[in-house]
Amino acid sequence: MTKSRETTDNFNAGRGPRQDRELVQHDYTHPAAGWGAALSVGNVLIKNRRPVAGTTGMLRMNQEGKGFDCPGCAWPDDRHGLKLDLCENGVKHTTWEMTPKRVDAAFFAKHTVAELSSWTDYELEEVGRLTEPMVYDEASDKYVPISWDDAFRLVGDELRGLDSPHQASFYTSGRLSNEATFLYQWWVREYGTNNLPDCSNMCHEASGRALEAALGTGKGLCDLPDWDHADLFLIMGVNAASNAPRMLTSLGEASKRGAQIIHINPMIEAASRDTIVPHDFLDMALFRATKIGDMDVQVRIGGDMAVLRSIAKVAFERAETDPTVIDRDFVEQHTEGFEAYREAVARTSWDQLVRGSGVSEEQLRDLADRYLRAERAIISWCLGVTQHENSVDAIREIVNVLLLRGHIGKLGAGPSPVRGHSNVQGNRTCGIDNRPEEAWLARFDSVAGIVSPREHGLDTVDTIKGLLDGTVKVFVALGGNFVLAVPDTEVAFRALRNAELTVQVSTKLNRSHLVHGRKALILPCFGRTEQDHGVNGNQSVTAEDAMSYINLSQGKRKPASPHLRSEVGILAGMASATLPDSKTPWAWFAEDYDRIRDVMADALEGFEDFNLRARERLGFRIAQPARERVFRTKTGKAEFHAAPLGDIELPAGQFMLATQRSHDQWNTTIYSNDDRYRGVKNSRTILFMNPQDMAELGLEEFARIDIESFSRDARTRRVTDYQAVSYKIPRGNVIGYMPELNVLCGLEEQSSQSDQPLMKHVAVRVTKSAPVAG
Ligand SMILES: Nc1nc2c(c(=O)[nH]1)N[C@H]1C(S)=C(S)[C@@H](COP(=O)(O)OP(=O)(O)OC[C@H]3O[C@@H](n4cnc5c(=O)[nH]c(N)nc54)[C@H](O)[C@@H]3O)O[C@H]1N2
Ligand SMILES: Nc1nc2c(c(=O)[nH]1)N[C@H]1C(S)=C(S)[C@@H](COP(=O)(O)OP(=O)(O)OC[C@H]3O[C@@H](n4cnc5c(=O)[nH]c(N)nc54)[C@H](O)[C@@H]3O)O[C@H]1N2
Ligand SMILES: [Mo]
């Protein structure tokens, strides 16, 4: 069976709808959000046949704890609670879940897995919501129905049959609620392993490690009032108009009050032009756009540390004559390592800074000048900064320049990473961590009455390696689309097919259900928008956003099928079946999440009176000592970091590739082949290139190209028949889409600082495709 399936694997095609029209590209000049977005929302609602229900569903989202938390991104809700704060991509994301289409037993009876494997990823998700638990039947190569009890028994039997609990790995995609997360890690640790990989391993691991070392907290320090008071923003490596659209609201308001907004990005993204703030009805009615970019710094891919260090370079130069440039009092009272840092900066020449950043000295000085004049500065970043070899150093450099100006622990200033999935931050807080800290485990154990394992567990890349070499036999995924999200797609396919058992808890059909182990389960769960009845009525869960606010979320819609279960319920079922002698009251927890929250209140710092505070009108914010300038670092101070500038030069003829999202996708879920703000229509198998680089290679616009990557394992990975699109990006850099280009990301290409796969740091060669024969 597997044989025929492998022949249908296609690692070269786009993962959106089948491409039936020619690629088009033109400049997009309209404001971000605004009517373009409103029209696009309308189209999505119509496509999902949800014009009316879709709208009422939206009106219940993000509204003062009375609805569900938008799963679209981790940006906090409007704290004033007065406005209708929704965005195009949140609407798209939510309607995708609310589709009336269903994937039931009859559907699976009609299609073998081999046949489904030939469908596009778009077609798989398009068929609608999963409705009942299914198990893989090898004889017919089909998924067939299984009862919940039998499914749980299968999981329990397999896990108990392993020689060691470390032979199983338990993935989380960052939308799992805090309550489910807490129970998940409890089950896994009581079972006996810290094999808890998550999407954070591919996302903000670098941010967590850098901030923890520098400030004694793995999270950003800013809240929305800070965003309301800053007079300067450095927005680094984020495509905010597509991936954190509600940031545009904050930027629009900041711009109106005169704050400066500087975008540091190899691409000039839509968010650096102007926006019509989507919830500002008057602006919408009048087509009134607000400028949200004062300066674009087109850094070369991987060059952020050089940009930041140039700020420090200018600061130290000026400090010789101007004592106010560096906040001496702050540095003396609250920091450690200033002298060593000063020396490291002195050792870095302008020549290195210019080469390392790809930006002229003049522009770097202009940037520094603006930064050093600001009284309150926020530095915000996302994947453009985190997915490189030297990302931990780059993020420590963010903290370095904030420390120089005392921009920590004061209103309107600080580090503010943009997190990805709506609860990826809460997952960590509530225990999803393959490298847990002793203090966290000790407190948890004392409350839970178990002894958690202490040895570190596997992250996402380790899990793939373990599956490949057979040391991992069972793979469980709470959400996500692991096989497409991870690097090295072909290798990942082989890894998952090597498993004894794969278990996917999901809402929609995706590739990870088709690339499965010898035994395989699909366990369908409620979505965020759906009711979840316990013994005391419709239950709520909580999520933590990118600014550490905890919000209650309650679904109102009727579940997509009567056979669905909640994620908590599914976890409780799997846990009971795995641990028959457990003293943990799994089923009792699932009956009423208040009971889980009562335990969390004791086990987790900052969750005191959890049930009470979660029910406050706008939830609560988890306290962070660093905001009060109390730093839980080794020295008790905020720590400067004196790293040398990393080398990002490639041999001649190679390009640095960054893989990223289009406007019309949510990670591995692709809504269309268009990328509106970059003016692209009808294709995802494209590569943005600098026009001069294209000319040098003799490539015309839309020329057919092959892209080949280099990896330390010396294996060649290649995609063919892509198209080159000229775009204003730095020379030597190329940009294309994930998850298609994950094929090129070698499994060995991991940051030595963060262990993150180098998804924006791929060395490639570009060549003209051979002409098609005939
Ligand atoms: N609609 C929508 N929203 C989403 C998601 C989605 O897929 N769709 N995904 C969610 C998730 S999980 C996450 S983690 C976030 C991701 O949000 P983003 O970080 O915006 O994701 P990417 O699309 O990878 O875009 C990376 C950005 O960094 C820039 N960049 C690339 N290399 C560099 C570099 O070396 N330096 C700098 N300074 N910039 C660089 C790119 O031009 C691009 O603007 O969004 C979340 N929100
Ligand atoms: N090359 C490259 N690769 C990347 C990245 C990159 O920038 N470049 N980014 C990385 C990042 S930042 C991330 S976060 C990962 C994303 O990795 P994942 O989180 O694993 O992937 P998603 O595409 O977000 O998962 C989508 C699936 O989640 C399921 N789902 C949706 N809603 C729910 C729900 O409520 N409950 C459950 N149980 N399931 C649900 C659906 O079945 C859907 O098919 O990808 C990473 N991969
Ligand atoms: Mo992410």
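Reckoned from all heavy atoms, side chains included, excluding hydrogens, waters and symmetry mates. In listed order, ligands and their atoms are each counted from 1.
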Do the side chains of [X] and [Y] get close enough for a salt bridge, i.e. N-O under 4.0 angstrom?
X    : Y    : value
K101 : E126 : yes
R129 : E530 : yes
D675 : R678 : yes
R175 : E544 : no
E740 : R15  : no

List ligand 1 atoms under 4.0 Å from [X], heavy atoms only on the residue side.
X    : result
E269 : 41 (C), 42 (O), 43 (C), 44 (O)
G302 : 34 (C), 35 (O)
D304 : 34 (C), 35 (O), 36 (N), 37 (C), 38 (N)
H388 : 34 (C), 35 (O)

Below 3.5 angstrom, do we get any N/O pair linking [X] and ligand 1?
X    : answer
V299 : no
S242 : yes
A244 : no
N265 : yes

- Is there a donor-acceptor contact under 3.5 Å linking the side chains of N481 and T668?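 There is such a pair between these side chains.
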- Among F526, F182, Y593, whose side-chain contact (heavy atoms from CB on, under 4.5 Å) with V568 holds?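 Testing V568 for a side-chain contact (heavy atoms from CB on, under 4.5 Å) against F526, F182, Y593 leaves exactly one candidate, Y593.
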- Apply salt bridge (charged side-chain N to carboxylate O under 4.0 Å, His left out) to E205 and list each qualifying residue two or more places apart in sequence or on a separate chain.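 Here the qualifying residues are R209, R428.
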- Query: Hey, mind stepping through Y184 and E567 against side chain to side chain contact (heavy atoms under 4.5 Å, CB included) and telling me if it holds?
  - Reply: CA-CA 9 Å; Y184 191 27; E567 284 161 326; over 6 Å; no
- Item | Heavy-atom check, side chain of F655 versus side chain of L650, under 4.5 Å |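 They are not in contact (no side-chain heavy atoms under 4.5 Å apart), so the answer is no.
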- Message: With a 4.0 Å heavy-atom cut-off, what residues sit around ligand 2?
- Response: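 Within 4.0 Å of ligand 2, protein side: E125, Y171, S173, R175, C199, M202, C203, L383, Q387, H421, G479, G480, N481, A485, V505, S506, T507, K508, N510, C525, E567, T659, R661, W666, N667, T668, M738, N742, M759, K760.
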